[in-house]
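See structure below.
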2 protein chains.
Amino acid sequence: MNADSDLTIDRYRDLAEFRRQIRQFLHFSELTAKEHGIEAQQHQLLLAVHGLPDGTNPTIREIASRLFIQHHSAVELVDRLEVTGTVVRHPGSQDKREVWVRLTPAGRAILRRLALAHRTELERSGPELAQALNSVLRHSRRVAAS
Amino acid sequence: MNADSDLTIDRYRDLAEFRRQIRQFLHFSELTAKEHGIEAQQHQLLLAVHGLPDGTNPTIREIASRLFIQHHSAVELVDRLEVTGTVVRHPGSQDKREVWVRLTPAGRAILRRLALAHRTELERSGPELAQALNSVLRHSRRVAAS
DNA sequence: TCGAAATAGATCGTGATACGATATATTCGT
DNA sequence: ACGAATATATCGTATCACGATCTATTTCGA
């Protein structure tokens with residue numbers, strides 16, 4: 001079997017369905033975040049900061065790394081979040097170059113509501129997403145060889 | 001157990017890890033698409049069109065529906081894809097209001113390379129994504145009640 | 001110890017994306 | 001026939017992410 005015949009129309013459809021499931025979830029996330037007064041990316045920054053492991057400092061650079069964005073994109077997100085009153089900047093205690101980002105009570109309240117909404121949505125749509133991912137993996141080259 | 005105590009720090013971390021896995025995948029997708037000369041959203045439109053079920057026409061509206069975007073956002077994506085030479089517009093045969101979007105040979109070639117790259121990436125990172133999703137669902141309210 | 005290199009963050013300008021509002025062309029329903 | 005509905009397009013705006021560049025602070029080697 002050559003590489004060409006390995007990519008049948010059904011394989012494209014598996015990939016398309018997987019992407020559709022991801023987009024459906026992200027679309028839900030987008031709408032829900034906006035209903036609560038923030039943008040989807042801003043919500044994800046709140047979640048990334050609040051979900052940081054113990055002992056990891058909430059610096060701009062750490063946040064950027066976890067969101068897979070450049071540090072100046074994280075700067076801009078924090079700018080916009082500060083305007084909404086959901087986070088505040090603190091100067092780093094040891095290293096004065098650092099800026100630590102902390103959620104305000106308002107930020108924690110929004111994040112909590114969004115976390116509950118997202119969990120409920122994942123209860124509903126998570127199995128379909130897992131199923132779509134499985135369909136891609138089930139027919140992938142390595143797995144198909146077994 | 002009230003709703004507050006139900007959302008412990010570990011639940012936030014589960015959600016954060018799930019989002020991190022999704023962002024990692026989308027980051028890979030973004031970089032890989034750009035390496036092949038198109039934007040990530042444009043790649044997803046190509047995939048959505050090529051992965052359409054038999055008998056479903058590739059109209060702007062159908063595409064918009066599958067990408068969870070407004071129809072005029074799909075118009076703009078197709079505009080940009082036409083410039084790159086990966087798709088062409090055809091007037092609808094029956095309904096002259098419709099526009100059918102078709103991949104060019106160049107579009108199919110790019111999509112094929114991207115499909116292979118994404119499948120390889122999902123072989124690598126898919127299990128972690130599934131695991132992260134499971135961690136969210138395992139501790140969700142309904143599941144926890146069992 | 002002192003100055004260059006490295007690191008952390010901020011700023012500016014740009015392009016892609018998605019949106020709401022609105023416009024045009026075509027088709028449908030009565 | 002003709003107003004309502006549908007399909008697509010256009011325009012202006014906001015978010016987001018980027019590269020390039022800047023300042024402040026820390027680190028490290030001569």
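So that the names make sense, note that chain A is the first sequence line, chain B the second, and so on, each numbered from 1. None of the values given here were measured: they were computed from a predicted structure.
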Start and end of chain A contact along DNA chain C [non-hydrogen atoms, under 4.0 Å]: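 In short, chain A contacts DNA chain C from C:dA6 to C:dA18.
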Enumerate the residue pairs fulfilling side chain to side chain donor-acceptor pair (under 3.5 Å) with a member in residues 48-61 of chain B, sequence neighbours excluded, ordered by first and then second residue.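 Matches after skipping sequence neighbours: A:Arg13-B:Asp54.
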Side chain to side chain donor-acceptor pair (under 3.5 Å) contacts touching residues 66-80 of chain A (sequence neighbours left out):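 As it turns out, the side chain to side chain donor-acceptor pair (under 3.5 Å) pairs with a partner in residues 66-80 of chain A, which skip direct neighbours, are A:Glu62-A:Arg66, A:Asp79-A:Arg89.
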Rounded to whole Å, how long is the line connecting atom [atom1] of [X] with atom [atom2] of [N]?
X	N	atom1	atom2	answer
A:Gln94	D:dT26	CD	C1'	13 Å
A:Glu39	D:dT13	CD	C1'	13 Å
B:His27	D:dA17	NE2	P	10 Å
A:His43	D:dC16	NE2	P	13 Å
A:Phe68	D:dC16	CZ	P	18 Å
B:Leu26	D:dC16	CG	C1'	14 Å

So that I know where these two stand, are B:His118 and B:His43 an aromatic pair - ring centroids less than 6.0 Å apart?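 Between B:His43 and B:His118, which both carry aromatic rings, the centre distance is below 6.0 Å.
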Quick test: give all pairs of protein nitrogen or oxygen and nucleotides 7-9 of chain D nitrogen or oxygen below 3.5 Å, distance rounded to 0.1 Å.
from, atom 1, to, atom 2, distance (Å)
D:dA7, OP2, B:Arg61, NE, 3.3
D:dT8, OP1, B:Ile60, N, 3.4
D:dT8, OP1, B:Val99, N, 2.9
D:dT8, OP1, B:Val99, O, 3.3
D:dT8, OP2, B:Arg61, N, 2.8
D:dA9, OP1, B:Arg89, NE, 2.9
D:dA9, OP2, B:Arg89, NH2, 3.0

Checking [X] side chain against [Y] main chain: does a donor-acceptor pair fall under 3.5 Å?
X	Y	result
B:Thr32	B:Ser29	no
A:Arg23	B:Phe68	no
A:Thr120	A:Leu116	yes
B:Ser135	B:Gln131	yes

What nucleic acid atoms does B:Gln44 come within less than 4.0 Å of, heavy atoms only: base, sugar-phosphate, or nothing?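 Since no nucleic acid heavy atom lies under 4.0 Å of B:Gln44, the category is nothing.
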If you group Ile, Leu, Val, Met, Phe, Trp and Tyr by side-chain heavy-atom gaps below 4.5 Å, do B:Leu47 and B:Ile60 land in one group?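 Yes.
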Identify whether A:Leu52 and A:Val101 are in the same connected component of the hydrophobic contact network (ILVMFWY, side-chain heavy atoms under 4.5 Å).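 A:Leu52 and A:Val101: separate clusters.
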Phosphate oxygens OP1/OP2 of D:dC16: is one of them under 4.0 Å from a side-chain N or O of A:Arg80?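 So the side-chain polar atoms of A:Arg80 do come within 4.0 Å of the phosphate oxygens OP1 or OP2 of D:dC16, strictly under.
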Taking only side-chain N and O atoms of A:Gln42, does any of them lie within less than 4.0 angstrom of OP1 or OP2 on D:dC16?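 Checking A:Gln42 against D:dC16: at least one side-chain N or O falls below 4.0 Å of OP1 or OP2.
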Neighbours of DNA chain C within residues 48-57 of chain A, by heavy-atom distance under 4.0 Å: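 Listed by number, there are none.
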B:Glu35: salt bridge (charged side-chain N to carboxylate O under 4.0 Å, His left out) partners, not counting sequence neighbours: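 Here no residue qualifies.
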Looking only at heavy atoms, what is the nearest atom pair of A:Leu46 and A:Leu111, with distance?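 Heavy atoms of A:Leu46 and A:Leu111 come nearest at O-CD2, 3.8 Å.
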If each of A:Lys96 and A:Ala40 is mapped to the nucleotide of DNA chain D with the nearest heavy atom, which maps nearer the 5' terminus, i.e. the 5' end?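 Result of the comparison: A:Ala40.
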